[in-house]
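First up is the structure itself, then whatever we jot down about it.
Computed over heavy atoms, backbone and side chain alike; hydrogens, waters and symmetry mates excluded. First the proteins, then the strands, lettered A, B, ... as listed; each starts at 1.
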Amino acid sequence: MNLTPIKLYELLYEKFGNLEWWPIDKEYHRKNNSDSRFEIIVGAVLTQNTAWANVEKALSNLKKKQFLEIECINKIDLQSLCELIKPSGFFNQKAKRLKILANYFFEHYDGNLNVFFEKDLHDIREELLNIKGVGPETADSIILYAGNLPTFVVDAYTKRLCRRLPLDTNFSYQDIQLYFEKNLSEQYNGKKLVRVYNDLHASIVNLAKIYCKKKPECAKCPLLSYCNFENKNL
DNA sequence: GTCCAGGGCCGTT
DNA sequence: AACGGCCATGGA
């Protein structure tokens, strides 16, 4: 029994519902203000290969000192920033990456992210990928969660599911992203499509954390009847 | 003590 | 193009 991204979305939606995922105050972000967008960007960098619980500590440190703004990150010295984001790990490189980002938006957009996200989606992605420290997943997370624009985020969990579930895709970032976007955009569009990308990515993370772990717990998995992981013995 | 988490860069092949 | 080493903390 084969699966498609549309079917996967429907199954996981049934299980997890509306997640509206990014862990930030929803009302705050719904206003699409530049500060809430930047908070998401900072989180996207800090969570690179890092558990979210550790990221929260770092974000909380920044927030306490009211340093969670473009201008502040741009001005703060590297050592102090390292100290504040220490709990998120890889703090030396992440501090540099945050300063590069803050400086970029400060110089090119006068610190106003609303202007940045009004550009063409492909231009936005190109620009982000040209910033050192921003790879494909970080760029797409920023576009989807900070920009509320339709881009499907592929992460380690998504790749794992694509290996285990009968989905018709290769395992490279590009292939998976194109496959999901092509299929899902046949069914949904506009703001609904953004919601679907958001919820599906969130649902995949949920599923992978609870059931489809490295050492999977298939017995209670909601996708068990669709999965051929055990037969494939991957 | 060991494993691993919502990656990306850089150098080598 | 693809792969391996590296970066670092905190919770399970």
Looking only at atom types and distance, does a side-chain atom of [X] sit under 3.5 Å from a main-chain N or O of [Y], one as donor and one as acceptor?
X      : Y      : answer
A:D199 : A:L19  : yes
A:D110 : A:N112 : no
A:N130 : A:E126 : yes
A:Y179 : A:D168 : yes

Original post:
What ring-ring contact (aromatic ring centres under 6.0 Å, His included) pairs are there with at least one residue in residues 190-209 of chain A, not counting sequence neighbours?
Top reply: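 Sorted result for residues 190-209 of chain A: A:W21-A:H201, A:F152-A:Y197.
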Subject >> Pairs meeting criterion ring-ring contact (aromatic ring centres under 6.0 Å, His included) with involvement of residues 113-138 of chain A, two or more places apart >> reply: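 The answer is A:F105-A:F116, A:Y109-A:F116.
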Original post:
Which residues in residues 77-85 of chain A have at least one heavy atom lying under 4.0 Å from any atom of DNA chain B?
Top reply: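 Close to the strand, none.
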Original post:
Do any of residues 134-154 of chain A sit with a heavy atom less than 4.0 Å from DNA chain B, and if so which?
Top reply: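 Under 4.0 Å from DNA chain B: A:V134, A:G135, A:P136, A:E137, A:T138.
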Scan the side chains in residues 66-80 of chain A for donor-acceptor partners under 3.5 Å anywhere in the protein, sequence neighbours excluded, and list what turns up.
| from | atom 1 | to | atom 2 | distance (Å) |
| --- | --- | --- | --- | --- |
| A:E71 | OE2 | A:K75 | NZ | 3.1 |
| A:D77 | OD1 | A:S80 | OG | 2.6 |
| A:D77 | OD2 | A:Q79 | N | 3.4 |
| A:D77 | OD2 | A:S80 | N | 3.2 |
| A:D77 | OD2 | A:S80 | OG | 3.0 |

What does the list of N/O pairs under 3.5 Å between the protein and nucleotides 10-13 of chain B look like, with a distance for each?
| from | atom 1 | to | atom 2 | distance (Å) |
| --- | --- | --- | --- | --- |
| B:dC10 | OP1 | A:K132 | NZ | 3.2 |

Tabulate below the donor-acceptor pairs under 3.5 Å that side-chain atoms of residues 7-18 of chain A make, not counting sequence neighbours, or state none.
| from | atom 1 | to | atom 2 | distance (Å) |
| --- | --- | --- | --- | --- |
| A:N18 | OD1 | A:R195 | NH2 | 3.1 |

All N/O pairs under 3.5 Å across the protein-nucleotides 4-7 of chain C interface:
| from | atom 1 | to | atom 2 | distance (Å) |
| --- | --- | --- | --- | --- |
| C:dC7 | O2 | A:Q93 | NE2 | 2.7 |

Original post:
Going by the salt bridge (charged side-chain N to carboxylate O under 4.0 Å, His left out) test, which pairs reach into residues 207-216 of chain A, not counting sequence neighbours?
Top reply: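 Every pair satisfying salt bridge (charged side-chain N to carboxylate O under 4.0 Å, His left out) with a residue in residues 207-216 of chain A: A:K213-A:E217.
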Original post:
What pairs of residues pass the salt bridge (charged side-chain N to carboxylate O under 4.0 Å, His left out) test when at least one of them lies in residues 136-156 of chain A, not counting sequence neighbours?
Top reply: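 Only A:R125-A:D140 qualify under salt bridge (charged side-chain N to carboxylate O under 4.0 Å, His left out).
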**OP:** Whole angstrom is fine here: how far is it from NZ in A:K209 over to C1' in B:dC3?
**Re:**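 So the two atoms are 16 Å apart, to the nearest Å.
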**OP:** Grab the NZ-C1' distance between A:K96 and C:dA8 for me, whole Å please.
**Re:**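 Rounded to whole Å, this separation is 14 Å.
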Original post:
Is there any side-chain hydrogen bond (donor to acceptor under 3.5 Å, both in side chains) pair reaching into residues 83-93 of chain A, and which pairs are they, with sequence neighbours excluded?
Top reply: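 Found A:Q93-A:R97.
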Original post:
Just wondering, do A:P136 and A:V154 contact through their side chains at under 4.5 Å, heavy atoms?
Top reply: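 No, every pair of side-chain atoms sits at 4.5 Å or beyond.
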Original post:
Is there side-chain contact between A:L46 and A:T50, with heavy atoms separated by less than 4.5 Å?
Top reply: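 Counting from C-beta outward, A:L46 and A:T50 never come under 4.5 Å.
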Original post:
Given that A:K214 and A:A156 both sit by DNA chain B, which one's nearest nucleotide is further toward the 5' end?
Top reply: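 The residue mapped nearer the 5' terminus is A:K214.
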Subject >> Pairwise P distance, B:dG8 and C:dG10 [rounded to whole Å] >> reply: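 It works out to 23 Å between them.
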At a cut-off of 3.5 Å, list every protein nitrogen or oxygen paired with a nitrogen or oxygen from nucleotides 10-12 of chain C, distance to 0.1 Å.
| from | atom 1 | to | atom 2 | distance (Å) |
| --- | --- | --- | --- | --- |
| C:dG10 | O4' | A:N54 | OD1 | 3.2 |
| C:dG10 | O4' | A:N54 | ND2 | 3.2 |
| C:dG11 | OP1 | A:K57 | NZ | 2.9 |

**OP:** Please check if any side-chain donor atom of A:K159 sits under 3.5 Å from a side-chain acceptor atom of A:S172, or the reverse.
**Re:**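 No - no donor-acceptor pair under 3.5 Å links their side chains.
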